[in-house]
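Written out below as structure tokens is the structure these notes cover.
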Amino acid sequence: MNNFRRAVRGGAALGTAVALAFMAGCGGPPKAQVSGTVTFDGAPVENGIIQFYPAGGAGQTAGGGIENGKYQLETSTGEMTVTINASKVVGKRAMYDTPDSPKVDVLKELIPAEYNTTSKLKVTLKPGINEKVDFDLKSGKK
């Protein structure tokens with residue numbers, strides 16, 4: 001019976017050691033919690049999407065919603081390329097070329113391509129909290 005108890009205790013100790021080693025290794029690479037505001041021509045972007053892409057290609061890509069000019073998300077650290085999109089409904093169109101086709105919204109992108117498809121926006125994020133990572137976008141209209 002003593003051998004059985006020793007085996008159970010040894011197994012429990014081994015299981016605890018493995019669990020602790022596993023938890024210690026689960027941390028992964030450092031993360032950045034990012035928050036800020038996005039304005040377009042001085043007004044908060046009502047609804048949109050902001051995305052962070054690692055500039056060097058290594059790391060986590062992350063994105064989130066923009067509501068009333070505010071956003072918050074978690075991503076990798078280091079230099080990031082940022083894209084920002086916002087659209088509005090400008091009409092409706094038929095989904096299919098049939099008389100009873102459902103209608104879908106027609107959207108127009110509000111943010112110029114220089115801030116999304118051809119974005120050169122860059123930001124460097126540190127591990128932990130990165131507050132007030134703000135973007136003041138301009139339409140270029142005079």
Side-chain angles (χ1 to χ4, degrees), residues 3-142:
N3 286 340
F4 177 74
R5 285 186 185 151
R6 274 186 263 185
V8 169
R9 284 186 194 143
L14 178 62
T16 301
V18 169
L20 288 173
F22 180 74
M23 288 189 304
C26 284
K31 300 285 185 195
Q33 289 79 41
V34 190
S35 63
T37 60
V38 180
T39 57
F40 182 62
D41 287 338
V45 171
E46 287 183 38
N47 290 296
I49 298 172
I50 186 166
Q51 295 179 299
F52 291 77
Y53 300 91
Q60 174 188 358
T61 297
I66 302 167
E67 290 186 33
N68 299 317
K70 306 277 184 203
Y71 76 92
Q72 183 175 345
L73 55 90
E74 181 178 270
T75 189
S76 296
T77 60
E79 187 179 29
M80 306 293 272
T81 300
V82 181
T83 64
I84 300 170
N85 294 83
S87 57
K88 73 174 183 176
V89 177
V90 295
K92 297 262 187 198
R93 69 171 176 81
M95 185 181 288
Y96 309 109
D97 191 19
T98 61
D100 60 344
S101 174
K103 304 288 186 206
V104 294
D105 292 336
V106 175
L107 301 175
K108 176 184 177 193
E109 178 64 47
L110 299 174
I111 307 296
E114 66 190 90
Y115 301 119
N116 44 65
T117 56
T118 61
S119 181
K120 294 191 179 21
L121 292 174
K122 301 264 191 225
V123 64
T124 300
L125 303 174
K126 62 181 177 32
I129 297 172
N130 294 259
E131 294 179 314
K132 296 188 180 186
V133 181
D134 301 335
F135 298 93
D136 183 22
L137 313 179
K138 306 288 184 202
S139 65
K141 295 178 184 174
K142 303 252 178 191

| remark: For Tyr71 and Val133, the nearest pair of non-hydrogen atoms, with its separation, is OH-O, 2.6 Å
| request: Take Lys122 and Thr81 through the side-chain hydrogen bond (donor to acceptor under 3.5 Å, both in side chains) test and state the conclusion after the steps. | output: CA-CA 5 Å; Lys122 301 264 191 225; Thr81 300; 2.8 Å; yes
| query | With sequence neighbours excluded, what pairs up with Thr98 under the side-chain hydrogen bond (donor to acceptor under 3.5 Å, both in side chains) test? | reply | Asp100
| query | What are the two closest non-hydrogen atoms of Pro54 and Met80, and how far apart are they? | reply | CA-SD, 3.6 Å
| request: Heavy atoms only: give me the nearest Phe40-Pro112 pair and the separation to one decimal. | output: CE1-CD, 3.4 Å
| Over all atoms of both residues, closest heavy-atom pair of Ile66 and Ile84 | CD1-CG2, 3.9 Å
| Residues Thr83 and Asn116: side-chain donor-acceptor under 3.5 angstrom | no
| Heavy-atom side-chain contact between Val34 and Ile50 under 4.5 Å | no
| request: Can you sort out the partners of Ser35 under side-chain hydrogen bond (donor to acceptor under 3.5 Å, both in side chains), two or more places apart, ordered by chain and number? | output: none
| said: To check you understand the geometry: which heavy-atom pair defines the closest contact between Ser87 and Leu107, and what is its length? | reply: OG-CD1, 4.0 Å
| note | The residue among Tyr115, Phe135, Tyr53 that forms side chain to side chain contact (heavy atoms under 4.5 Å, CB included) with Val82 is Phe135
| query | Is there a donor-acceptor pair closer than 3.5 Å between any side-chain N or O of Thr37 and the backbone N or O of Gly69? | reply | no
| query | So do Gln33 and Asn130 actually touch side chain to side chain, heavy atoms under 4.5 Å? | reply | no
| message | So, using salt bridge (charged side-chain N to carboxylate O under 4.0 Å, His left out) as the criterion, who are the partners of Lys92 when residues are at least two apart? | response | Asp105
| Taking all non-hydrogen atoms of both residues, which atom of Lys138 and which atom of Asp41 are closest, and how far apart? | CA-OD1, 3.4 Å
